[in-house]
Amino acid sequence: MASVSLGRRTPAMAFASNVWVNWLAEPWRSVQNMPVLRIYLDQNKWIDLARAASGQPAGERFSDALALARASVKSGTASFPLDIYRYWETSKRGNDRSRNAVVDVMRELSRQHTMALPFGVLDQELDFALRRRFGRPEHPRRQQIFGLGMQHIANGRMNWPKLDITALPDGGASLGGGLRAQLEHAITDSIEEDLLRAGPDTFRALGFDHADSDHGQRFVNFENAVAATIAQRGLQGDGIEQVIRGTDFIDIRPALIAALDRIGLTYDHFVSGSSIFDLMNFMDDLPTRYVTSVMRSNKHRQTQQRWEPNDFIDILALPVAAVYCDVVITEKQWVHRLRRGKVDQRYDTVLLNDTAGLVQVLIQASVT
């Protein structure tokens, strides 16, 4: 494996990045139409491959999976996209050597392919669900699910540094367009790498401490309150489903109001004209929210397993992956719950809980 380095990219790597950017920029070739197998790994699965890459005993059983993953990426038959939650989870890892070992494998296999934030995906799903019901909007919003780097994830939410060549003697006039493009992409690639490698010390220097984030615990408190309501009312079966979809419906209310406004309807009109059955069907017609409901409702049915702060990230991350990727490798509890909700059948997604299972998936993909 290449040694860990925070240095700048070579011209060759910048050129490779330039090729990818140009490929994605062609309007008739969206990246989600690339003929590749899209494989989503949760954090622990990336760690499995990092251990294999660094020769650790704990990673030995994943060495074949890593070798095949490398070969598949090199041949262009597989892609391992990252989402914002991989950046977040990686940034919490305090040990620099350990974190950079994971980042090395992430960069090698993902080639900076990334996935859109859930919010933009939800906007698209809302528009299409409303059009199926009301025949509008005529032009639903479309979210490109897969793209390149943090720039794709941020989707305009970041102030990205631009190449400034005005300090050159001639103001940069003598700098050819091709060389300028290579320089721009080299800078972009370097920034992308630094964003992925950033750890707790970097964030603290910028005034943010991961320890101050309490989103996970607030999520646990919320789900515990939902569980208490279910228990107090003695709800089972469809009763649990109604409660979970009801809380999800409240969660998407701001996005739904905005989507309804685009077609000239109000939230009150939409709700008053729908039965509980109608609203549940509407929620199920939003692919990522269907997955969210499946994950939450099935966990609420199994009261012996407590909600944990880490579940918060899984609930946010896995729905987009389960719907739009071909393969999802995550922890056993979620694979069980997603299969129970028939998510794998509904969206034709392979669900695995063992990173070593990549071997069979990649071999099968290579012969079909």
Side-chain angles (χ1 to χ4, degrees), residues 1-2 12-13 15-17 19-24 26 28-56 58-83 86 101-116 144-149 152 291 317-318 320-332 334-335 338-339 342-368:
M1 181 178 68
M13 293 183 69
F15 176 76
S17 177
V19 169
W20 274 107
V21 171
N22 287 339
W23 198 97
L24 293 171
E26 295 175 7
W28 60 90
R29 298 168 76 182
S30 64
V31 74
Q32 55 260 57
N33 289 330
M34 288 174 61
V36 299
L37 193 70
R38 302 200 180 281
I39 302 171
Y40 180 86
L41 307 178
D42 79 4
Q43 196 69 16
N44 286 331
K45 309 313 177 185
W46 281 110
I47 292 172
D48 287 343
L49 296 182
R51 287 170 173 164
S54 58
Q56 296 182 36
E60 184 176 354
R61 65 183 296 264
F62 308 116
S63 59
D64 287 345
L66 176 61
L68 281 173
R70 283 170 164 165
S72 298
V73 168
K74 186 175 181 180
S75 68
T77 58
S79 171
F80 291 79
L82 305 175
D83 58 10
R86 294 314 105 224
V102 175
V103 172
D104 285 341
V105 175
M106 283 181 165
R107 281 179 57 80
E108 178 186 4
L109 296 184
S110 74
R111 295 192 176 185
Q112 294 184 191
H113 292 185
T114 52
M115 297 168 58
Q144 181 173 307
I145 306 298
F146 301 101
L148 198 65
H152 173 67
V291 176
L318 288 175
V320 175
V323 174
Y324 296 100
C325 288
D326 302 295
V327 182
V328 173
I329 308 182
T330 186
E331 59 184 283
K332 188 174 183 178
W334 296 125
V335 170
L338 292 171
R339 286 176 177 167
K342 294 181 171 40
V343 168
D344 52 337
Q345 299 175 33
R346 192 179 183 109
Y347 303 111
D348 196 22
T349 308
V350 175
L351 302 171
L352 301 172
N353 64 273
D354 187 353
T355 310
L358 263 177
V359 172
Q360 182 177 353
V361 167
L362 292 173
I363 288 176
Q364 183 176 350
S366 68
V367 298
T368 55

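- Legend: residues meeting side chain to side chain donor-acceptor pair (under 3.5 Å) with Gln360, ordered by chain and number and at least two apart, are absent.
- Salt bridge absent: Asp42 and Lys45 never bring a charged side-chain N and a carboxylate O closer than 4.0 Å.
- For the pair Arg38 and Tyr324, the cation-pi test (distance below 6.0 Å, angle within 45°) is failed.
- Contact between Ile329 and Asn353 at its shortest, heavy atoms only, is CG2-C, 4.3 Å.
- Listed for the Thr349 side chain is no donor-acceptor partner under 3.5 Å among the backbone atoms of Val327.
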Hey, can you pull the donor-acceptor pairs under 3.5 Å for the side chains in residues 60-69, sequence neighbours left out?
{"residue": "Arg61", "atom": "NH1", "partner": "Asp354", "partner atom": "OD1", "Å": "3.2"}
{"residue": "Arg61", "atom": "NH2", "partner": "Asp354", "partner atom": "OD2", "Å": "2.8"}
{"residue": "Ser63", "atom": "OG", "partner": "Glu60", "partner atom": "O", "Å": "2.9"}

Kindly indicate, with the supporting measurements, whether the criterion side-chain contact (heavy atoms from CB on, under 4.5 Å) is fulfilled by Val335 and Leu352.
CA-CA 6 Å; Val335 170; Leu352 301 172; 5.8 Å; no
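- Side-chain contact of Asp326 with Tyr40: a donor-acceptor pair under 3.5 Å is absent, judged by distance alone.
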Arg111/Ser79 under side-chain contact (heavy atoms from CB on, under 4.5 Å): CA gap, chis, key distance, verdict:
CA-CA 8 Å; Arg111 295 192 176 185; Ser79 171; over 6 Å; no
Decide yes or no on side-chain contact (heavy atoms from CB on, under 4.5 Å) for Arg70 and Leu109, but give the supporting numbers first.
CA-CA 6 Å; Arg70 283 170 164 165; Leu109 296 184; 4.0 Å; yes
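- Under a 3.5 Å cut-off, the side chain of Gln144 and the backbone N or O of Phe146 do form a donor-acceptor pair.
- Across Ala321 and Val328, no two heavy atoms sit closer than the pair O-CG2, 3.5 Å.
- With Asp48 contributing its side chain and Arg51 its backbone, the two residues share no donor-acceptor pair below 3.5 Å.
- Under the 3.5 Å distance criterion, the side-chain polar atoms of His152 are matched with a main-chain donor or acceptor of Ile145.
- With values rounded to the nearest 0.5 angstrom, Asp348 atom CG is found 12.5 Å from Cys325 atom SG.
- You'll find the side chain of Ile39 reaches within 4.5 Å of the side chain of Leu37, heavy atoms only.
- Across all their heavy atoms, Val105 and Ala50 have their closest contact at CG2-CA, 3.7 Å.
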Please lay out, stage by stage, how Val323 and Val291 fare under the test side-chain contact (heavy atoms from CB on, under 4.5 Å).
CA-CA 8 Å; Val323 174; Val291 176; 3.7 Å; yes
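- In this structure a side-chain-to-backbone donor-acceptor pair under 3.5 Å is present from Trp46 to Leu41.
- The NZ atom of Lys332 lies 14.5 Å from the CG atom of Leu351; values are rounded to the nearest 0.5 Å.
- Side-chain contact between Leu82 and His113 is absent, with no heavy atoms from C-beta onward closer than 4.5 Å.
- Nearest approach of Ala78 to Leu362, heavy atoms of both residues: CB-CD2, 4.1 Å.
- Of the inter-residue distances, the one linking Arg86 atom CZ with Gln43 atom CD reads 5.0 Å to the nearest 0.5 angstrom.
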Show your reasoning for whether side-chain hydrogen bond (donor to acceptor under 3.5 Å, both in side chains) applies to Gln112 and Ser110.
CA-CA 5 Å; Gln112 294 184 191; Ser110 74; over 6 Å; no
